[in-house]
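Right, one structure below, let's go through it.
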Amino acid sequence: MSSKPIAEDKDQPASFTWTPQSEKQIAVILAKYPEGRQSSAVLPLLDLAQRQHDNWIPLAAIDAIAARLDMARIRVLEVATFYTMYNLAPVGKWFLQACTTTPCWLRGSDQMMRCIKDKLGLDNHGRTADGQFSLLEVECLGACVNAPILQVNDDFYEDMDYETTATLIDALKRGEPPVVGSMKGRQTSQSIAGPTSLESLKKSDGVPAWFAGQKAAAAGGDD
Ligand code: FES
């Protein structure tokens, strides 16, 4: 995986202050950990800082987290640079995270990436000049069953190919994100050909013999 960009000095705010809403959430998060183990809250606090600050974490927020959790700054930065879900530089309004790990690659993530390049001119870590879109290539998003996957902000779009990626990008440009899930209309991870399991049961006129036998056995067990 390529190294993570950190915002240039000119983009770094001079300070970072938690909002009152974030402070309430911090209190809830810290209460989950035993006394002396508050550094375990570094992951949720990084996430909170990112959500508060336009989907990226400035170095001033790293300092604020280190101070709050009594950790060395470098330890917070180590965590923030390790996980792809933390952004240390500005990202687009529509932050695209494209999975190119083996299952998504086998199912055509190259076409998804080619479409993003064609329509937005983006390579990995790129951001459009108008700040509307940015792209990050990521490892498995845990939704391989509907590969390839393109995550947009917090949402997953599935079954991506060149055409569905183009449709999605056009909709985002209009500010009309489609319904999340499969872009080919299948229900959750159901077969693309529709339901195939137990169809014979739905079509049978009567109750199958094996099911009737189970019902009888269950009824006998209740005696
Ligand atoms: S490999 Fe892409 S979601 Fe798992």
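First listed ligand is number 1; within each ligand, the first listed atom is number 1.
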Could you tell me whether Asp130 and Lys173 make a salt bridge, using a distance below 4.0 angstrom between a side-chain N and a carboxylate O?
-> no

Charged N-O contact under 4.0 Å between Glu158 and Arg107 = no

Only counting residues at least two apart or in another chain, list the ones meeting side chain to side chain donor-acceptor pair (under 3.5 Å) with Tyr162.
-> Asp118

Atoms listed for atom 2 (Fe) of ligand 1 (protein only, N, O or S, under 2.8 Å, no waters) are Cys99 SG, Cys104 SG

Taking the side chain from Asn87 and the backbone from Asn55, do they hold a donor-acceptor pair closer than 3.5 Å?
-> yes

For Leu168 and Met160, what are the C-alpha separation, side-chain angles and deciding distance, and is it a side chain to side chain contact (heavy atoms under 4.5 Å, CB included)?
-> CA-CA 9 Å; Leu168 174 59; Met160 305 307 292; 3.8 Å; yes

Just checking, is any N or O donor in the side chain of Asn146 or Ser182 under 3.5 Å from an acceptor N or O on the other one?
-> no

